[in-house]
Asker: 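For reference, the structure I am asking about is given below.
So you know, we letter chains A, B, ... as the sequences are listed, proteins then strands, and number each from 1.
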Number of protein chains: 2
Amino acid sequence: MNLPPLCEAFVLHFGEMGSRWGVNRTVGQIYAVLFIAETALCADDLVDRLGISRSNVSMGLKELQSWNLVRQRPVAGDRRDFFTTPDDIYSIVRTLVNERKKREIDPTLSMLRELLMQTPANAQEEHAQSRLKDMHELIELLTAWYADIEKLETDRLIQLLSLGSKVARILEVKDRIFALPGGKGRQTPSSTPNRG
Amino acid sequence: MNLPPLCEAFVLHFGEMGSRWGVNRTVGQIYAVLFIAETALCADDLVDRLGISRSNVSMGLKELQSWNLVRQRPVAGDRRDFFTTPDDIYSIVRTLVNERKKREIDPTLSMLRELLMQTPANAQEEHAQSRLKDMHELIELLTAWYADIEKLETDRLIQLLSLGSKVARILEVKDRIFALPGGKGRQTPSSTPNRG
DNA sequence: CTCAGTTTTCAGACATTCCTGAAAGTAGAG
DNA sequence: CTCTACTTTCAGGAATGTCTGAAAACTGAG
């Protein structure tokens with residue numbers, strides 16, 4: 001691996017992580033190299049830095065492109081393809097989440113919905129359905145939340161995340177100010193905002 | 001596979017998902033069977049329902065236990081071990097997130113910190129560090145947010161998630177309330193949110 | 001202690017995934 | 001059209017991961 005030690009350490013770790021998150025080691029390493037690269041790189045740069053075969057790089061880049069995780073950028077006067085990752089790390093995370101949602105969450109939701117429509121044939125299936133319903137509701141809650149949050153500008157998002165659960169206290173303030181009767185959906189939390 | 005069709009469909013899908021999320025298919029299937037089971041099951045129940053070898057079940061359960069994802073529950077008058085998943089799906093998610101954090105996020109954070117402490121040997125390493133810094137900050141932001149959120153009671157959590165980005169609007173309300181001149185004797189959050 | 005019922009371990013068969021070199025494909029320049 | 005520089009595809013060997021049966025280890029009862 002033809003990289004300065006600091007870079008190599010990162011690339012190796014990132015490859016390892018990749019393999020725990022459903023992409024193979026090499027793909028993770030390719031991404032890592034692109035992520036920390038100063039400029040756009042071509043396939044042969046990756047061959048050189050990672051010490052893997054040209055065809056492996058080609059397959060890896062193809063996979064990363066299918067995830068929308070790398071961008072192909074033309075370089076004037078050069079016929080080769082050059083690749084980069086976005087500068088904005090928040091946009092990277094958004095892409096990653098959206099792709100995983102599309103590939104894993106959405107199919108899971110439709111499977112769950114389908115199974116929940118079926119008429120249970122016995123007690124065992126009936127009980128299974130009640131569990132699947134819980135799971136379905138939870139995933140819907142999380143994805144709806146994310147879909148909503150995703151639209152925020154990065155600055156607002158950071159502000160929101162920094163607050164963490166303090167938001168819950170603001171909720172209480174809100175409750176007191178507007179004295180909204182009842183909660184949303186499921187189950188109203190203890191009717192009066194008890195707090196001192 | 002000795003399961004009613006509805007259950008089998010779920011178990012197969014869940015196994016498939018597991019294999020995309022870093023646990024092998026069988027482990028995912030074992031978990032799925034336990035998740036929808038009406039009662040605690042012993043290893044042989046799993047052998048029967050999944051049609052896999054006893055030793056495979058043993059290894060799978062061992063792995064699930066190392067993730068704290070299944071509980072071993074004694075059954076009176078039976079020497080065998082019986083396993084369940086928690087009834088509360090929110091606690092399941094909390095466990096899952098905590099375990100992944102421990103195994104993947106935390107080591108990544110320490111690697112990043114370590115690399116950021118080094119003195120860059122050249123421009124390439126220096127640029128890499130600035131990228132790693134971005135990544136480190138983002139992960140810290142997310143984990144701090146989660147650590148905070150995790151402590152909320154489930155009902156409050158649901159309430160919060162249901163609001164989604166509407167919270168951002170409440171933030172604006174808050175900004176207006178606390179921005180009132182003369183009204184800042186109280187506990188304004190440390191940083192004054194600028195950048196409207 | 002022994003025994004029977006149970007769980008765990010582990011070598012190696014089996015299966016899947018990954019990686020490579022060779023060959024085929026593609027596209028701009030001349 | 002041909003040449004050249006580059007990219008992609010793909011068969012099959014290498015590496016890794018998974019699963020099993022047999023044997024060992026454990027554990028409570030007698």
Side-chain angles (χ1 to χ4, degrees), chain A residues 1-2 11-12 14-34 39-67 70-84 103, chain B residues 1-2 11-12 14-34 40-67 69-84 103:
Chain A
M1 200 172 281
N2 191 6
V11 168
L12 287 173
F14 204 90
E16 211 53 52
M17 283 301 111
S19 70
R20 295 206 193 182
W21 282 84
V23 294
N24 80 44
R25 199 153 307 175
T26 310
V27 172
Q29 291 181 353
I30 292 174
Y31 190 82
V33 169
L34 290 175
T39 66
L41 301 180
C42 72
D44 284 317
D45 293 332
L46 291 162
V47 169
D48 176 49
R49 294 179 197 205
L50 290 171
I52 59 180
S53 74
R54 185 50 237 271
S55 47
N56 202 1
V57 167
S58 180
M59 290 189 299
L61 285 170
K62 202 180 147 210
E63 169 137 16
L64 287 170
Q65 280 178 295
S66 84
W67 283 82
V70 298
R71 285 175 190 168
Q72 198 164 343
R73 150 182 313 192
V75 166
D78 199 322
R79 271 169 56 191
R80 293 171 295 177
D81 296 332
F82 286 79
F83 298 89
T84 56
R103 292 166 188 235
Chain B
M1 202 171 281
N2 191 7
V11 168
L12 288 174
F14 204 90
E16 211 53 53
M17 282 302 112
S19 70
R20 294 205 193 184
W21 282 83
V23 293
N24 82 43
R25 199 153 308 174
T26 310
V27 172
Q29 291 181 355
I30 291 175
Y31 189 82
V33 168
L34 290 174
L41 301 181
C42 71
D44 284 318
D45 293 332
L46 291 162
V47 168
D48 176 49
R49 293 179 198 205
L50 290 171
I52 59 180
S53 75
R54 183 53 234 271
S55 48
N56 202 2
V57 167
S58 180
M59 291 188 298
L61 286 170
K62 203 179 147 212
E63 169 137 15
L64 287 170
Q65 282 178 293
S66 84
W67 283 82
L69 282 170
V70 298
R71 285 175 191 169
Q72 199 164 341
R73 150 182 314 191
V75 165
D78 200 322
R79 270 169 55 193
R80 293 171 296 176
D81 296 332
F82 285 79
F83 299 89
T84 56
R103 292 166 188 236

Asker: Rounded off to whole Å, could you give me the CG-to-P distance for the A:N24 and C:dC18 pair?
Answerer: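 My rounded result for the distance is 5 Å.
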Asker: Which nucleotide in the list D:dC19, C:dT8, C:dT20 gets nearest to the side chain of B:S53?
Answerer: D:dC19
Asker: Give every donor-acceptor pair under 3.5 Å between a side-chain atom in residues 18-31 of chain A and any protein atom, sequence neighbours left out.
Answerer:
residue : atom : partner : partner atom : Å
A:S19   : OG   : A:E16   : O            : 2.7
A:W21   : NE1  : B:E104  : OE1          : 3.1
A:N24   : OD1  : A:T26   : N            : 2.9
A:N24   : OD1  : A:V27   : N            : 3.1

Asker: Between B:S58 and C:dT7, is there a contact of a side-chain N or O with OP1 or OP2 at under 4.0 Å?
Answerer: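 No, because none of the side-chain N or O atoms of B:S58 sits under 4.0 Å from OP1 or OP2 of C:dT7.
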Asker: Which heavy atom in A:F14 sits nearest to a heavy atom in A:A32, and how many Å separate them?
Answerer: CB-CB, 3.7 Å
Asker: Where each residue is assigned the nucleotide of DNA chain D containing its nearest heavy atom, which of A:Q72 and B:G51 is assigned the position nearer the 5′ end?
Answerer: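 Nearer the 5' end of the strand: A:Q72.
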Asker: Using the side-chain heavy atoms of A:R25, tell me which of these nucleotides is nearest: D:dT8, D:dG17, C:dT9.
Answerer: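 Nearest to the side-chain atoms of A:R25, counting from C-beta on, is D:dG17.
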Asker: Contact class for B:I52 vs. all strands (heavy atom < 4.0 Å): base, sugar-phosphate, or nothing?
Answerer: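 Sugar-phosphate only.
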Asker: Please state how far atom CD in A:E63 lies from atom C1' in C:dC18, giving the value in whole angstrom units.
Answerer: 12 Å
Asker: Please name the pair of heavy atoms, one in A:L61 and one in A:A43, separated by the smallest distance, quoted to 0.1 Å.
Answerer: CD1-CB, 4.4 Å
Asker: I need the CG-P distance between A:D81 and C:dG28, as an integer number of Å.
Answerer: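 Whole-Å distance recorded here is 11 Å.
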Asker: 5'-most contact on DNA chain C: A:V23 or A:S55, nearest heavy atom basis?
Answerer: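 Closest to the 5' end, via its nearest nucleotide, is A:V23.
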Asker: Calculate the interatomic distance between A:N56 atom CG and C:dA22 atom C1'; express it in whole Å.
Answerer: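 It works out to 15 Å between those atoms.
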Asker: Please check if the number of heavy atoms outside A:R71 that lie under 6.0 Å from its CZ is greater than 12.
Answerer: no
Asker: Taking CG from A:D44 and P from D:dT4, how many angstroms apart are they, rounded to a whole number?
Answerer: 18 Å
Asker: Check the distance between D:dT7's P and A:F82's CZ and give it to me in whole angstrom.
Answerer: 8 Å
Asker: Want to settle it: does B:R79 or B:M59 sit nearer the 5' end of DNA chain C, counting the closest nucleotide to each?
Answerer: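 Checking each residue's closest nucleotide, the 5'-ward one belongs to B:R79.
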Asker: Mind calculating the distance between CZ (A:R54) and C1' (C:dT20) to the nearest angstrom?
Answerer: 13 Å
Asker: Is the shortest side-chain heavy-atom distance between B:R49 and B:V11 below 4.5 Å?
Answerer: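 They are not in contact (no side-chain heavy atoms under 4.5 Å apart), so the answer is no.
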Asker: Once you round it to whole Å, what is the distance between C1' of D:dA25 and NZ of B:K62?
Answerer: 13 Å
